[in-house]
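For reference, the structure is listed below as structure tokens.
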Amino acid sequence: MTLKSRTKITALLKDGAVGSDVTAKGWVRTRRGNKNVAFIALNDGSTIHNIQVVADVAVFGDDFLKRITTGACIRVDGKLVESPGAQQPVEIQAKDIEIYGEADPAQYPLQKKGHSLEFLREIAHLRPRTNTFGAVLRIRHAMAYAIHKFYNDKGFVYLHTPLITASDAEGAGAMFRVTTLDMDNPPRAEDGKVNYDEDFFGKEAHLTVSGQLEGELGALALSEVYTFGPTFRAENSNTPRHLAEFWMIEPEIAFYDINDNMDLAEEFLKYLINYALEHCADDLEFLNKMWDKELIERLKLVAKTKFERLTYTKAIEILEKVDAKWEFPVYWGVDLHSEHERYLVEKHFKKPVILTDYPNEIKAFYMKQNDDGKTVRAMDVLFPKIGEIIGGSQREENLEKLTQRMEKMNIPTDEMWWYLETRRFGTAPHSGFGLGFERLLLFVTGMTNIRDVIPFPRTPNSCEF
RNA sequence: UCCUCAUUAGCUCAGUUGGUUAGAGCACCUGACUGUUAAUCAGGGGGUCCUAGGUUCAAGUCCUAGAUGAGGAGCCA
């Protein structure tokens, strides 16, 4: 017997042999009973379900059992027996109990009753012990695994792109500075500005907002790559859909055009949803029951529905015909607002929508320019409830067109020399997209606030834990 | 960052047109109960009504400012 010797509760409940001696370890959810017998609901995070431990008061004593309160951590040795109770197939008849750690009920903030998600955010160090966050975090893990499995099975190479970057040209948002300079007394150049020549990297550095540009470097050598890592945005965004630190998946593929790109995005999302339905059924049922009565139905529907694909121009035509009072007027060239996207997805098509060929004025410099001179080969995947879940494009592989566009948009081509060399040497048509991991999890779990699908959320004015 | 709403017991909330000593459920403590299922039953303790000003004979309630949180918007993934 070593300390780690135990049977996980998920295994006990699924295929534990009745009559066998078992050891379970975990945290107490509730204890109830009378003067003869105590019932302890024990959970070790391996499943949404608890195992019921039955302890005779005559064996363990009232004083000992009273120390086993909600939140305490215990080891239980006992016999796995069929349960007379209707709500569980088996239970442990305890022979020996060791208390690893008590949890003073007068001070322990979690109770067996429900808490608000807002309150649980204030105790993010303890909220993984709740049913809801246990379920969300297990699903988060399953989705991370499924992402790697999906791309690995397709022969993609997992490319590790840097988190620290000296390039601030992605234009995807405000960045966090990385520096080792003394902020109280930084070195100054003659013009009075901070002299970053003396900083750690000899130049200004920031946390990345996207691994895409480096992803393209990988794709133009390994053909099919993906990144999966944290990204950082210093935007002052206070919404249920934004984080300052979030995870992103960015496949980048040579010899894919925008249609291949859309096919991949749709197959990818459906794969992940089906994976969750297949492997996280218990947790999804719990979330369906507690938070979102239509969750499983919605997941199944999206998994089998063909996404609607149409151009930005067609979408504008549809929206212009709608007899609705838009807060923001609709006309060709306008960047679509969430009210417009929501209308298309939730009212008009009632299914996921992929919009393509946006006006070049509102899209990033690296997107492939169409022959009409007005639009680029962008594609955004819009999901019900979430809005934009994926943004991607076919990339501009023509050096001259790319350089012209960058100059027009005031993007320093000299700093981006390494990016442009891929177009100079053996350029290739290629495409890619970015999926916000937490946005995906919002959809899969039915949670409505992005702070509740990441263990330790980072948002403006919030960096606790 | 803008707009709106909220902040009352450890938690979730009620609190009427401003009016006596601010309530409930759960949690906690004590007791009861021969197998419970967010156990149940009886009793008990627990409050700087977010903070600072102001109006008023009187403020949890009205006004001003601030803090914190949430929803919507913008930005985006």
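Just the heavy atoms: all of them, side chains too, but no hydrogens, waters or symmetry mates, feed the values below. All values derive from a computational prediction rather than experimental measurement. Just so we're on the same page: letters track the sequence lines, and every chain starts at 1.
No side-chain N or O of Y419(A) forms a donor-acceptor pair with one of E214(A) less than 3.5 Å apart. A donor-acceptor pair shorter than 3.5 Å can be found between the side chains of W291(A) and T132(A). For the residue pair Q394(A)/Y256(A), the side-chain donor-acceptor check at 3.5 Å is not satisfied. Side chains of T30(A) and R32(A): a donor-acceptor N/O pair is present below 3.5 angstrom, by distance only. Residues N236(A) and N238(A) have side chains that bring a donor and an acceptor to within less than 3.5 angstrom of each other.
On the C1' atoms, A58(B) is 32 Å away from G25(B), given to the nearest whole Å. When the P atom is used for both A67(B) and G10(B), the distance is 25 Å, rounded to whole Å. Atom name P, nucleotides G18(B) and A59(B): the rounded distance is 13 Å, in whole Å. A distance of about 25 Å separates the P atoms of U4(B) and C76(B), rounded to the whole Å. Only the C1' atoms considered, C63(B) is 7 Å distant from U55(B), to the nearest whole Å. The P atoms of U51(B) and U40(B) are separated by 34 Å, rounded to the nearest whole Å. Annotation: G47(B) and U56(B) have their P atoms spaced 32 Å apart (nearest Å). Across the P atoms, C26(B) and U37(B) are found 14 Å apart, a figure rounded to whole Å.
Listed nucleotides: U37(B), A39(B), C11(B). Nearest to the side chain of H115(A): C11(B). Of the candidate nucleotides G71(B), U34(B), G35(B), G35(B) has the atom lying nearest to any side-chain atom of Q93(A). The listed nucleotides are C28(B), C76(B), A73(B); the one nearest the side chain of D335(A) is C76(B). For K66(A), taking side-chain heavy atoms from C-beta onward, the closest of the listed nucleotides U30(B), U34(B), A73(B) is U30(B). For P240(A), counting side-chain heavy atoms from C-beta on, the closest listed nucleotide (G71(B), A73(B), G35(B)) is G71(B). Side-chain atoms of R121(A) lie closest to A70(B) of the nucleotides U37(B), A70(B), U34(B). In the set G35(B), A73(B), A38(B), the nucleotide with an atom closest to the side chain of Q87(A) is A38(B). Here the nucleotide nearest the side chain of Q88(A), chosen from G31(B), U36(B), C75(B), is U36(B). The side chain of R233(A) approaches C76(B) more closely than any other nucleotide in the set U12(B), C76(B), A73(B).
In this model, the phosphate group of U1(B) is approached by a side-chain N or O of N236(A) to a distance below 4.0 Å at OP1 or OP2. Taking side-chain N and O atoms only, N238(A) has no distance below 4.0 Å to OP1 or OP2 of C2(B). OP1 or OP2 of A39(B) sits under 4.0 Å from a side-chain N or O of R32(A). Regarding contacts with the backbone of G71(B), every side-chain N or O of T239(A) stays at 4.0 angstrom or more from both OP1 and OP2. Not one side-chain nitrogen or oxygen of R29(A) sits closer than 4.0 Å to the OP1 or OP2 atom of U37(B). At the phosphate of G72(B), neither OP1 nor OP2 sits under 4.0 Å from any side-chain N or O atom of R342(A). Regarding contacts with the backbone of A73(B), a side-chain N or O of S338(A) is found under 4.0 angstrom from either OP1 or OP2. Within the 4.0 Å cut-off from OP1 or OP2 of U34(B), at least one side-chain nitrogen or oxygen of K35(A) is found.
Contact of S237(A) with C75(B) (side chain to base): a donor-acceptor pair of N or O atoms is detected under 3.5 Å. Contact of E118(A) with U68(B) (side chain to base): no donor-acceptor pair of N or O atoms is detected under 3.5 Å. A donor and an acceptor atom never sit less than 3.5 Å apart when one is taken from the side chain of N461(A) and the other from the base of U68(B). One N or O donor and one acceptor, one from the side chain of E91(A) and one from the base of G35(B), sit under 3.5 Å apart. No hydrogens or angles were tested; on distance alone, a donor-acceptor pair under 3.5 Å links the side chain of H242(A) to the base of C76(B).
Where F39(A) and T70(A) each meet RNA chain B at their nearest nucleotide, the meeting point lying more 5' is that of T70(A). Residue-to-nucleotide proximity on RNA chain B shows that, of S462(A) and L336(A), the 5′-proximal contact is made by S462(A).
In this structure, R31(A) reaches neither bases nor backbone, as no heavy-atom distance under 4.0 Å exists between it and the strands shown. Nucleic acid contact for F328(A): sugar-phosphate only, since backbone atoms but no base atoms lie under 4.0 Å from a heavy atom of the residue. Looking at heavy-atom distances under 4.0 Å, P105(A) makes contact with sugar-phosphate atoms alone, never a base. Contacts of L243(A) with the nucleic acid, taken as non-hydrogen atoms under 4.0 Å apart, include base atoms.
Counting to the nearest Å, the C1' atom of A70(B) and the CD1 atom of I450(A) are 16 Å from each other. Distance N50(A) CG to U37(B) P: 15 Å, rounded to the nearest Å. Going from atom CG of N34(A) over to atom P of G31(B) covers 15 Å, rounded to whole Å. One can place CD of E464(A) at 14 Å from P of U68(B), the figure rounded to the nearest angstrom. Rounded to an integer number of Å, the gap from CG of L65(A) to C1' of U36(B) is 14 Å. As a whole-Å value, the separation of Q52(A) CD from U37(B) C1' is 7 Å.
Pairing of G47(B), defined by two Watson-Crick or G-U wobble distances under 3.5 Å, is not identified with any nucleotide. Using Watson-Crick or G-U wobble geometry with both donor-acceptor distances under 3.5 Å, A6(B) finds its partner in U68(B). Remark: G31(B) base-pairs with C41(B). Criterion, Watson-Crick or G-U wobble with two distances under 3.5 Å. Base-pair partner of C75(B): not found among the strands shown (Watson-Crick or G-U wobble, both distances under 3.5 Å). Look at A24(B): its Watson-Crick or wobble partner, with both distances under 3.5 angstrom, is U12(B).
Just one of K8(A), K25(A), R6(A) meets the salt bridge (charged side-chain N to carboxylate O under 4.0 Å, His left out) condition when paired with D44(A); it is R6(A).
Stacking of K270(A) on the aromatic ring of F307(A) is recorded, both the 6.0 Å distance cut-off and the 45° axial limit being met.
Counting only heavy atoms from C-beta outward, the side chains of I316(A) and L336(A) approach each other to under 4.5 Å.
Relative orientation of the W247(A) and F228(A) rings is perpendicular, given thresholds of 30° and 60° on the angle between their planes.
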